[in-house]
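Structure record follows, encoded as structure tokens.
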Amino acid sequence: MLPVYCVILVIAGASTAIAQTASHSDTIRLEVGSRLIDGRIYEPHAARVTVRAGDGDKRVTAEWTNELTHGDSAGRPVHRWVTKGTRFLPTGTTQTWEIRQTYDARTLAPYAYHATSSTGGFTRLTIDGKRVRGSKRLAADSAEHAVDLTLDRPGFIASASDLVPLAAGLEEGVVMTAPVWGPAMTASEMRVFTVHGKERVQVEGAEMVAWKVEERRQADGRMVATWYLTESAPYMVYAVAMLPNGKTQTMSEVVIPAGRR
């Protein structure tokens, strides 16, 4: 699971390929609330994600923990994710953040998104289908603003898009489309997930076998990330994400005892 931001890179000529792929009759078209998704595969666990600069530069640029617990909200089974992270800035200083999210346990439909930062900024949102309401502040010295947004269609949380394909079931050659949305977006955006089969990948010195899944934007074929997913915790074990400047960053995830930072 990613933190607050999602990252992309333009792939020349990819838009045509994606449009052709997504038009195949065997493409699985997912929507929020779809019965094709079963988030109950995700068991309670805690994990640590280490982010490194790519392209030969292996500096650790950020680190965060994800902890999933199961619960109940007004009679609905829910998943509660808590993410606590630190970003290491080039100046030698750090920024910290905490994100608390609540999803429907089966469909992964988002219900709540609450984020705070050491900068003094925060985002507090409740989500009911297409309706998003709450408030946000960019930093301690900025004004608080009300949020009342109606999306064109409900979206899965963009920073947790890797949860969707695994919950829908992975099989080599399968293509899925799904809408995603994040607090910095004003509309949902369609993504295309392509399952390439299982590959061996190095995760913090250990070799693992994981499903390789590519995620792209449907509109223009831009790559978002390549995910390496497993059917057991921590589920996302490795990823290569594309940055706006054309560089990459890698993310590795390992299980840790619950309650640890």
Side-chain angles (χ1 to χ4, degrees), residues 1-9 39-69 79 81-88 94 96-99 101 103 108 156-174 176 180 191 193-216 223-243 246-261:
M1 179 186 289
L2 290 167
V4 185
Y5 51 90
C6 284
V7 288
I8 56 175
L9 169 68
R40 293 175 298 180
I41 66 168
Y42 293 110
E43 296 291 340
H45 70 281
R48 174 175 287 111
V49 178
T50 302
V51 182
R52 293 179 173 89
D55 302 310
D57 182 353
K58 299 302 182 182
R59 289 176 300 109
V60 174
T61 58
E63 186 178 81
W64 64 84
T65 59
N66 292 317
E67 185 163 0
L68 169 63
T69 57
H79 287 177
W81 288 91
V82 177
T83 300
K84 298 179 180 181
T86 302
R87 185 171 294 113
F88 306 105
T94 61
T96 60
W97 73 85
E98 180 172 321
I99 306 174
Q101 301 175 75
Y103 300 152
L108 301 182
F156 301 99
I157 295 296
S159 58
S161 60
D162 56 299
L163 297 178
V164 177
L166 189 56
L170 300 181
E171 183 178 344
E172 186 172 357
V174 167
M176 312 175 194
V180 304
R191 299 282 174 84
F193 300 88
T194 304
V195 184
H196 290 280
K198 291 186 176 181
E199 293 189 6
R200 296 184 182 277
V201 62
Q202 291 290 324
V203 181
E204 298 300 323
E207 185 176 81
M208 303 188 70
V209 176
W211 290 95
K212 178 182 178 181
V213 180
E214 286 187 347
E215 178 182 354
R216 299 175 185 264
M223 181 74 82
V224 175
T226 300
W227 305 103
Y228 293 86
L229 309 175
T230 62
E231 284 92 352
S232 59
Y235 304 103
M236 189 284 286
V237 295
Y238 191 77
V240 180
M242 315 309 290
L243 297 170
K247 296 183 181 295
T248 63
Q249 66 181 13
T250 64
M251 290 168 281
S252 59
E253 186 168 15
V254 296
V255 171
I256 61 173
R260 284 184 55 185
R261 277 295 305 267

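Any value given below was found using the heavy atoms of this structure, including those in side chains, with hydrogens, waters and symmetry copies removed.
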Determine yes or no for a side-chain-to-main-chain donor-acceptor pair under 3.5 angstrom, with Y238 supplying the side chain and M208 the backbone. no
Residue pair V213 / F193: nearest heavy atoms and the distance that separates them: CG1-CB, 4.1 Å
From K212 atom NZ to Y228 atom OH, the distance as rounded to the nearest 0.5 Å: 4.5 Å
Which atom of A47 lies closest to which atom of P234, heavy atoms considered: CB-CB, 3.7 Å
I need the full list of side chain to side chain donor-acceptor pair (under 3.5 Å) pairs touching residues 201-210, with sequence neighbours left out, sorted by first then second residue. R52-E204, R200-E207, E204-S252
Over all heavy atoms of both residues, which pair between V51 and M251 is shortest? Give the atoms and the distance, please. CG2-CG, 3.7 Å
Ignoring hydrogens and geometry beyond distance, is a side-chain donor-acceptor pair present between Q249 and T61 at under 3.5 Å? no
Would you please name every residue forming a ring pair (Phe, Tyr, Trp, His ring centres under 6.0 Å) with H45, sequence neighbours left out? W81, Y235
Mind checking side-chain contact (heavy atoms from CB on, under 4.5 Å) for T94 and listing every partner two or more places apart, or none if nothing turns up? T86, F88
Do Y42 and L163 come close enough that some side-chain heavy atom pair is under 4.5 Å? yes
Distance col, row M223:CE vs E214:CD, nearest 0.5 angstrom, shows 4.0 Å
Heavy-atom closest contact (E253 atom, V203 atom, distance): O-CG1, 3.8 Å
Nearest heavy-atom approach of D162 to L229 is O-CD1, 4.0 Å
Stepwise, does the side chain to side chain contact (heavy atoms under 4.5 Å, CB included) test hold for M242 with T248? CA-CA 5 Å; M242 315 309 290; T248 63; 3.6 Å; yes
Atom CD1 in I99, atom NZ in K84: separation rounded to 0.5 Å? 12.5 Å
Run the side chain to side chain contact (heavy atoms under 4.5 Å, CB included) check on E67 and T65 step by step: do they pass? CA-CA 7 Å; E67 185 163 0; T65 59; over 6 Å; no
What is the distance from atom OG1 of T69 to atom NE2 of H79, rounded to the nearest 0.5 Å? 9.0 Å
Once you measure the plane-to-plane angle for W97 and W64, does it fall in the parallel (<30°), tilted (30-60°) or perpendicular (>60°) bin? tilted
Side chain to side chain contact (heavy atoms under 4.5 Å, CB included) between I157 and Y103, worked out: CA-CA 9 Å; I157 295 296; Y103 300 152; 3.5 Å; yes
Hey, does R191 have a side-chain heavy atom less than 4.5 Å from the side chain of V224? yes
CD/E231 to CG/L170 distance, rounded to the nearest 0.5 angstrom? 6.5 Å
Over all atoms of both residues, closest heavy-atom pair of V180 and S161: CG1-CB, 4.2 Å
